[in-house]
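Remarks on the structure that follows.
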Amino acid sequence: MDFKIHIFCGTTNLCKLIRKSFLKESFSFNCSEIKDNCCNGIFEEINYLPDCIIVDKDIDVNFKDRIIKKFSNAKVVLLPSLNESEQKVKS
């Protein structure tokens, strides 16, 4: 079974950089670029359930919450890692 990763980011450069790190791995990898916090129809474009989602720090916090709720069964990686105060709130 293929491990599916989906990245939500504010720039294609981030997607390209992360994609390079996965080249030698057997992951299925897709990316959605979120421009100007515009997210209309983005969920309809994703026709699979990712095993892991990676969310860029520049994504609007409300949309970030929608992403995490939508893919609640996926593992979540937030970029950059949460700072200490956010970790305490989330835990």
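Since this is a predicted model, take the numbers as computed values, not measurements.
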Working to the nearest 0.5 angstrom, can you tell me the gap between I59 CD1 and D65 CG? 12.0 Å
Rounded to the nearest 0.5 Å, how far does CZ of F29 lie from CD1 of I5? 7.0 Å
May I ask whether I53 and F43 are part of the same hydrophobic cluster, defined by side-chain heavy atoms of I, L, V, M, F, W, Y residues being less than 4.5 angstrom apart, directly or through others? yes
Could you tell me whether the side chain of D51 and the main chain of K4 form a donor-acceptor pair under 3.5 Å? yes
I need the K69 NZ to K64 NZ distance, nearest 0.5 Å. 14.5 Å
Does F71 reach the side chain of N73, with side-chain heavy atoms less than 4.5 Å apart? no
Hphob cluster co-occupancy, V61 + V76, side-chain heavy atoms under 4.5 angstrom: no
Kindly write out the residues that satisfy side chain to side chain contact (heavy atoms under 4.5 Å, CB included) with C15, not counting sequence neighbours, or none if the list is empty. I7, C9, C31
Nearest 0.5 angstrom please: S32 OG to D56 CG, how far? 12.5 Å
Where does the angle between the aromatic ring planes of F63 and F8 fall among parallel (under 30°), tilted (30 to 60°) and perpendicular (over 60°)? perpendicular
H6 side, atom NE2; L49 side, atom CG - distance, nearest 0.5 Å: 12.0 Å
With the side chain counted from C-beta on, respond yes when I54 and L79 share a heavy-atom pair under 4.5 Å apart, and no when they do not. yes
V77-L17 co-clustered via ILVMFWY side chain contacts under 4.5 Å: no
How far apart are the C-alpha atoms of S28 and F3, what are their side-chain angles, what is the distance that settles it, and do they pass the side-chain contact (heavy atoms from CB on, under 4.5 Å) test? CA-CA 6 Å; S28 171; F3 190 80; over 6 Å; no
